[in-house]
Structures are given as C-alpha cells and as structure tokens.
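These numbers come from a predicted model, not from an experiment. Any value given below was found using the heavy atoms of this structure, including those in side chains, with hydrogens, waters and symmetry copies removed. We name chains A, B, ... by the order of the sequence lines, and we start the count at 1 in each one.
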Amino acid sequence: MTVRVRFAPSPTGFMHLGNARTALFNWLYARHMGGQFILRIEDTDRERHTEAAVQVIYDSLKWMGLNWDGPVLRQSERLAIYHEVAQKLIDEGKAYRCNCTREELEAKKEAMKETANHACYDGTCREKNLGPDCGTHVVRFKMPKEGESTFEDMIQGTITKNYKDLDDFIMVRSDGMPTYQFAVVVDDLALQITHVIRGADHIDNTHCQIALYHALGKEPPRFAHAPRIDGLSKRKGSPSVEYYREALGLLPEGLNNYIARLGWSHGDDEIFSMQELIEKFDICDVNRANGEFDEEKLKWVNEQQLRLVPIEEIADHTLERYEKAGIKVEKGEWLYKLLEMMRKRAHSLNEIVSDSLFIWNAPQTYDEASVSKHFNADTPALLEDLANAIQNITDWSETAIEAAFNEIAANRSLKMGKVAQPARTAIVGIAQSPGIYEVVWFVGKDETVRRLHKAAEFIKNR
RNA sequence: GUCCCUGUCGUCUAGAGGCCUAGGACAUCGGCCUUUCACGCCGACGACACGAGUUCGAAUCUCGUCGGGGACGCCA
C-alpha cells in the first residue's frame, strides 16, 4: 500500500513555524516512502478565512519547496458528504441529535465541575432519538461508555485513555457545518490517508477520531504526533515563515534543515541537503519531548546552507532583493562570481545584497570609526599614488590589482594593512569588506580611481 | 480540577544494560589564521531532574516524587 499523508492547515493568514514543520515532516515522509503528499484546506466555518489567507499557505509551501500531489481539497466544498455520513451514523444509532441549548450546556458544565472530576456532556439527549424536526440541534457522536481506547503512536508509543474521560463530541454544528473532529475523519477516509502526522496537541482528539473510524466500519490510519516547538510566541513577528523569508532573509534550505533537526536527528549529522533529508528522514526517529526554538542555531544552519546550495539558486533568491535596492542584475558569470565572493561571509541573503551594494553605489559618507583609524595626513598622497598605479593596469585582473597594491606598499615601506585599509575605506566607505583585490575588480578600474581621488580630496578638506 | 504526553550540557541532540571518567552541534569564553569584517581551525566551560527498586552492572528497565507541555469549545 502506498503511503498517503496530508497537510491540513486552516487558513489563519500566516504560516506558523510549527505548522511549517508539520508540513515538512509529512512531505519528507511521503517522499522518503515514495508516497503522496496531499494538501487540504480546513476552511469549515470561520469568518477569518479569506482567500488571501489561503494564498499564504500556497506561497509558504512553494517557497519551502514542498510540492503537493493532486488537487487541493477544500472542506467547504464537501458539506453534502459530511451530512450524508452524519445521517448514516444517526440511522445506525451511532450518533444522535441533541437540542440542548448552549446556555443549558454551560450551566450543566459548571455544575459538573463542582461535583465530578471531568466536564463531559451529560448525555441528556443520548437516548432520546430526536428526529430532524427537534428544532435547532447539533449532531453528537455516541461514544462508548465502557473500557479504554488505545493506539500505537509512531512517535509517542502506546497511548491509552478511558472512554469515561471522552465526550459525546459534536459532529455537526447547529448551523449545519461539520466540526473539525468529524470532518477530518471523513476527509482522511475519502483521501485514503494512511498516516496522519500532526502536532502533539491532537493526541487527545485521536481517541475520538478512532472511535469514529470504528463506527464507520473502517480501519483508522497510523498516527504520529510530533512534539511542539516552544519559545516562538513570545517573539514578535517570528512565528511565521514569511518572517524568516523576508526579515531574516533565510534560504528555504536553511529553514527546512533547522526545523527538521528540531525534534529529529540522524546521528551526529547537522547539515542536510533536501535530498539527504528525504533519504534519511523517518518519522519513527522523531523525538517525543518538546523542543525550544533557537534562532542562533537557525542562523548558523542557514549560513552553512548558504555556502552549499548551487550558486544559481542564490542568484534566484537575490535577484528580487537587488531590484528592491534599485539595482538591476542579470544571472550570469559575473553575478555568480560576485555571489561566490559574498556567500562565503554572509549570514543571510539580505546581507549578501546589502553588503555588496557598494559595487554600484559609491560611498556618500565614510564610516567614522574607519576614518579615524585609517585616514591621516599622509593618506591623500597614498590614495593618489594607488589611483595612478591602478589607472596604469592594462589587463584588468585580480593579480594585476594585487601587484599594484604590492608596488605601492613596497615603495612606501608599508605593511599591506596600511595600504589596504585606507583604500577599503575610500572605496567601500567602511573598513570592512571582502578581499580588497576582489572588491576593486568588481568596482572596476575607472570607478575605483574616481573613488580614490574623491577620498583624497575629502581628507584634504577636513 | 480531571485526563493525556514528556524530562541527557543554557539550547538542539547521540545514546535502545556493560563500548559512557556520557559523544556531536549552536551559544559562551580563550587562542590561531588574517590587509579589515566575517569565515575557518584549535581548545575550554558545560548535562543523564530526584528517590527507591530490578541487575554482577542502569543515562538506558520498573515504580514513586518533582518539573515541563498539551487537552478538556457548536476553534482547528
């Protein structure tokens, strides 16, 4: 039997990192097993469900590289089926209508909290056999009263619960919409889902759902409940995928790698390509305890990925960012060479772009600390000599540029730092950049010469 | 309150009774490299929650205690 898993988010308007990991685990398991990964949108009820919110899910998944198989299932389009199944269960005496009002329920629940240790529905309508004409009503599932419910979770192991602690949960609301609890089972059955991989907050629900499967005469799928990710909600903006893509400028491989390793591991391995993740991931290897989110490590993992992915991909991710910065670049050898230079030292895609803008934009001002450290009365002459040496270069290569620098340093008996740092400050605006020869090469001969003279003037006029 | 799950360095984890004086990674601290920043390299610090068992032997098995998380919606 081929593995069929699904990711079933409700469109809340942003992709929470916990959800993203659930999606990743499902996707990895499907790809690892040669199975299928289905996307389902849980949009029963809820005013907040907008198309924009649905689009966020698509965008996040696409960016992460988690492609889904087949059409997307929308719960809102399946109301007839839910009603049909509900009716069948009522006819078989496995579900019943309940016309208790919310107020009555509320009161009973309060009363029960005083006397009993749990607050289940008291079963007022359970044996009434109410017909469709009983007024405003919901449909409840008739939960077994005796014994216990047990299942083997692929991550958590054996999980047991007494039926007496389980409720006659509502399957169909009074407005006719199915509840999550009910719709999941109907849909997972329709989609022939074999493995349900989701967050651990659904563990208790699982017993209800398994009871439903049995009532429908079906075998439940296998369940795997992944632990939660802690430490996200306190940080502003950071729980969503968009934040890591935009504000932090991460590579999807970086986020995926980190998120996969949070709660899952493969020996001492830390860095995985997507392909390696698919090969090595197994849902059984996921840990049981909650994990604490650590942005520092995320950044480090991302840095490693920044050095590993194909340079063309780095280009794809930076093109738009350059455009936003007002720079027009095209994919090609020159850009790849630039990105190779930048990726070795950058921590994010954003940094690759922002730290390389000096190539197009001459410094408007000079960093104060760099100025006081590297500019002095002798500097103008030095920079002008250097400008002349560079002006005389005939073959524009890094070797030639290096030779020019060496010549200046030798003539003046200066250590290279005494030449390179003032030059760097003059050309970049700050005394921090990639190797100075590379920098000069990218800035270009004429522009370098211009900037050197300009800085010399600046120092003289101070 | 009731129920469910969970507990190895600050954090992510390796570990499936002897290989563990507990390994790796991030962070931190120190050093090296170097024309700067960063990278990289080397080193240091640092944990089996606690208490009883079982066993020749326990981080690994059992029970209890304490701690952490979750569920108790006509939300998903």
Inset, instruction - Could you check which of U13(B), A76(B), C4(B) has an atom nearest any side-chain atom of Y180(A)? - result: A76(B)
Inset, instruction - Counting Watson-Crick and G-U wobble pairs only, both distances under 3.5 Å, name the nucleotide matched with U36(B), or none. - result: none
Legend entry - E340(A), CD: over 12 other non-hydrogen atoms inside 6.0 angstrom: yes
Inset, instruction - Compare the minimum distances between each of C4(B), G10(B), C39(B) and the side chain of D294(A), then state the nucleotide with the smallest one. - result: G10(B)
Inset, instruction - Have a look at C100(A) and say if it touches a base, only the backbone sugar-phosphate, or nothing, with a 4.0 Å heavy-atom cut-off. - result: base
Inset, instruction - Determine, for K337(A) against E398(A), whether the closest basic-nitrogen to carboxylate-oxygen distance falls under 4.0 angstrom. - result: yes
Inset, instruction - State plainly whether the residues R40(A) and D188(A) are in salt-bridge range, i.e. N to O under 4.0 Å. - result: yes
Legend entry - Pairwise C1' distance, A49(B) and A25(B) [rounded to whole Å]: 23 Å
Inset, instruction - Starting at atom NE2 of H202(A), determine the distance to atom P of G73(B), rounded to an integer number of angstrom. - result: 16 Å
Legend entry - A14(B) phosphate, OP1 or OP2, under 4.0 Å from S265(A) side-chain N/O: yes
Inset, instruction - May I have the distance from N162(A) (atom CG) to A71(B) (atom P), rounded to whole angstrom? - result: 21 Å
Inset, instruction - Indicate, with a heavy-atom threshold strictly under 4.0 Å, whether I203(A) touches base, sugar-phosphate, or nothing. - result: sugar-phosphate
Inset, instruction - Pick base, sugar-phosphate or nothing for P434(A), based on heavy-atom distances below 4.0 Å to the nucleic acid. - result: base
Inset, instruction - Look at the side chain of M416(A) and decide which nucleotide, out of C74(B), U35(B), U6(B), has an atom nearest to it. - result: U35(B)
Legend entry - Ring centers of Y258(A), F293(A) separated by less than 6.0 Å: yes
Inset, instruction - Could you tell me whether F182(A) contacts a base, only the sugar-phosphate backbone, or nothing, with contacts defined as non-hydrogen atoms closer than 4.0 Å? - result: nothing
Inset, instruction - Classify the nucleic acid contact of T160(A) as base, sugar-phosphate or nothing, counting any heavy atom under 4.0 Å across all strands shown. - result: sugar-phosphate
Legend entry - Identified ring-ring contact (aromatic ring centres under 6.0 Å, His included) partner of H207(A) from the options Y213(A), F151(A), F169(A), F223(A): F151(A)
Inset, instruction - Round to a whole Å and report the spacing from CZ of R228(A) to C1' of U11(B). - result: 18 Å
Inset, instruction - Determine: side-chain N/O of R173(A) to OP1/OP2 of C75(B), distance under 4.0 Å, yes or no. - result: yes
Inset, instruction - Provide the distance between the two P atoms, one in A27(B) and one in A38(B), to the nearest whole Å. - result: 13 Å
Inset, instruction - Check every atom of C39(B), C4(B), U13(B) against the side chain of H347(A) and return the nucleotide holding the closest atom. - result: C39(B)
Inset, instruction - Look at the side chain of E292(A) against the base of G10(B) and say whether a donor-acceptor pair falls under 3.5 Å; ignore hydrogens and angles. - result: no
Inset, instruction - May I ask you to evaluate whether R424(A) reaches the phosphate of A38(B), defined as a side-chain N or O under 4.0 Å from OP1 or OP2? - result: no
Legend entry - Six-ring centre of W264(A), K280(A) cation under 6.0 angstrom, axis tolerance 45°: no
Inset, instruction - With a 3.5 angstrom cut-off on both distances, give the Watson-Crick or G-U wobble partner of C20(B), or none if there isn't one. - result: none
Inset, instruction - Write down the partner of G57(B) under the Watson-Crick or G-U wobble criteria, each distance required to be under 3.5 Å. - result: none
Inset, instruction - Please determine, for the side chain of D230(A), which listed nucleotide (C26(B), A76(B), G69(B)) has the closest atom? - result: G69(B)
Inset, instruction - Please work out if E270(A) contacts a base, only the sugar-phosphate, or nothing of the nucleic acid, heavy-atom cut-off 4.0 Å. - result: base
Inset, instruction - Find the distance K161(A):NZ to G70(B):P and express it as a whole number of Å. - result: 15 Å
Legend entry - Distance, rounded to the nearest Å, where R6(A) contributes CZ and A76(B) contributes C1': 11 Å
Inset, instruction - Output the single nucleotide from U13(B), G40(B), U35(B) whose closest atom is nearest the side chain of L262(A). - result: U13(B)
Legend entry - Residue K145(A) excluded, over 12 heavy atoms near NZ under 6.0 Å: yes
Inset, instruction - Using the C1' atom as the reference point in each nucleotide, state the distance between G15(B) and C9(B) in Å, no decimals. - result: 14 Å
Legend entry - Under-4.0 Å side-chain N/O to phosphate OP1/OP2 contact, N287(A) with G7(B): no
Inset, instruction - Could you measure between the two P atoms, the one in A22(B) and the one in A44(B), and give it in whole Å? - result: 13 Å
Inset, instruction - Find which nucleotide of RNA chain B each of D201(A) and T136(A) is nearest to by heavy atoms, and output the residue with the more 5' nucleotide. - result: D201(A)
Legend entry - Spacing of the C1' atoms in G64(B) and G31(B) (rounded, Å): 49 Å
Inset, instruction - Return no unless some side-chain N or O of R288(A) is found under 4.0 Å from OP1 or OP2 of U6(B). - result: yes
Inset, instruction - Would you mind pulling out the nucleotide paired to U65(B), Watson-Crick or G-U wobble, both distances under 3.5 Å? - result: A49(B)
Legend entry - Touch class at under 4.0 angstrom, heavy-atom based, for Q304(A) against every strand present: sugar-phosphate
Inset, instruction - On RNA chain B, check which nucleotide each of Q75(A) and A420(A) is closest to and give me the residue with the more 5' one. - result: A420(A)
Legend entry - Y29(A)/F281(A) aromatic ring centres below 6.0 Å: no
Legend entry - Any N/O donor-acceptor pair, N290(A) side-chain to G68(B) base, under 3.5 Å: no
Inset, instruction - Take the protein atom CG of D165(A) and the nucleotide atom P of G70(B), then report the distance between them rounded to whole Å. - result: 20 Å
Inset, instruction - Check whether any side-chain nitrogen or oxygen of Q209(A) sits under 4.0 Å from OP1 or OP2 of A71(B), and answer yes or no. - result: no
Legend entry - Atom C1', compared across G67(B) and A47(B): separation rounded to whole Å: 16 Å
Inset, instruction - Kindly say whether, by distance alone, the side chain of S174(A) makes a donor-acceptor pair under 3.5 Å with the base of C74(B)? - result: yes
Legend entry - P gap between U28(B) and A52(B), integer Å: 39 Å
Inset, instruction - Decide yes or no, distance alone: a donor-acceptor N/O pair under 3.5 angstrom between the base of G70(B) and the side-chain of D204(A). - result: yes
Inset, instruction - Using the C1' atoms only, state how far A76(B) lies from U13(B), rounded to an integer number of Å. - result: 31 Å
Legend entry - Watson-Crick or G-U wobble partner of A44(B), both distances under 3.5 Å: U28(B)
Legend entry - Cation-pi geometry met for R140(A) and Y121(A) (6.0 Å, 45°): yes
Legend entry - Atom-to-atom span, CD of Q181(A) to P of C75(B) - whole angstrom: 12 Å
Inset, instruction - Pick base, sugar-phosphate or nothing for A289(A), based on heavy-atom distances below 4.0 Å to the nucleic acid. - result: sugar-phosphate
Legend entry - Test: E447(A) and K454(A) ion pair at under 4.0 Å: no
Inset, instruction - Report the distance from atom CZ of F151(A) to atom P of C4(B), rounded to the nearest whole Å. - result: 12 Å
Inset, instruction - Could you check whether G435(A) gets within reach of a base, just the sugar-phosphate, or nothing at all, counting any heavy atom under 4.0 Å? - result: base
